[in-house]
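Worksheet: the structure to be examined is printed underneath.
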Amino acid sequence: MIWVLNIKKQCEKQKVAFFFKQWGTRGSDSIKRNKKENGALINDKLYREYPKIYYEHSK
């Protein structure tokens, strides 16, 4: 799980949205199971940030 927290920290530092879709076949506890069962929680929290979209209106 350390690797994903490292990526999250890098995103925060660069002010970039962090979206964590899901764990693979090995969950945050390193137990192998179906990835849908592993879910997408990191320390009991979902991270589903999206980048801000800025529109420039043309005349």
Side-chain angles (χ1 to χ4, degrees):
M1 177 163 59
I2 293 171
W3 65 269
V4 74
L5 293 174
N6 187 22
I7 293 170
K8 181 184 172 301
K9 187 183 226 180
Q10 290 176 51
C11 289
E12 289 171 351
K13 187 176 180 180
Q14 296 297 318
K15 297 184 174 136
V16 174
F18 176 73
F19 186 103
F20 185 71
K21 183 179 177 188
Q22 69 186 33
W23 292 102
T25 55
R26 296 216 182 257
S28 60
D29 56 5
S30 297
I31 296 174
K32 189 173 182 177
R33 62 174 81 81
N34 183 299
K35 61 185 174 184
K36 287 186 180 183
E37 291 177 32
N38 284 329
L41 295 177
I42 302 171
N43 294 333
D44 298 323
K45 185 176 177 185
L46 277 177
Y47 290 92
R48 301 283 168 95
E49 298 172 359
Y50 289 91
K52 292 181 182 177
I53 299 174
Y54 296 96
Y55 294 100
E56 190 173 313
H57 298 285
S58 58
K59 294 181 179 183

Using ring centroids (six-membered ring only for Trp), state whether Tyr50 and Phe19 fall under 6.0 Å. yes
Arg48 side, atom CZ; Lys45 side, atom NZ - distance, nearest 0.5 Å: 12.5 Å
Rounded to the nearest 0.5 Å, what's the gap from CG on Asn6 to SG on Cys11? Could you check? 10.0 Å
How long is the straight-line distance from OH of Tyr47 back to CZ of Phe18, given to the nearest 0.5 Å? 8.0 Å
Asn43 meets the side chain to side chain contact (heavy atoms under 4.5 Å, CB included) criterion, sequence neighbours left out, with Met1, Leu5
Which residues satisfy the side chain to side chain contact (heavy atoms under 4.5 Å, CB included) test with Ile31, sequence neighbours excluded? Asp29, Arg33
Inter-residue atom distance Glu37.CD - Lys32.NZ, 0.5 Å rounding: 13.0 Å
For Gln22, which residues count as a side chain to side chain donor-acceptor pair (under 3.5 Å) partner, sequence neighbours excluded? none
How long is the straight-line distance from CD1 of Ile42 back to CD1 of Ile7, given to the nearest 0.5 Å? 9.0 Å
Going by heavy atoms in the side chains, are Trp23 and Val4 under 4.5 Å from each other? yes
Between Glu12 and Lys8, is there a side-chain heavy-atom distance shorter than 4.5 Å? yes
Where Lys35 and Thr25 come nearest, the two heavy atoms and their spacing: CB-N, 4.1 Å
Is it true that a side-chain atom of Glu49 and a backbone atom of Ala17 form a donor plus acceptor pair closer than 3.5 Å? no
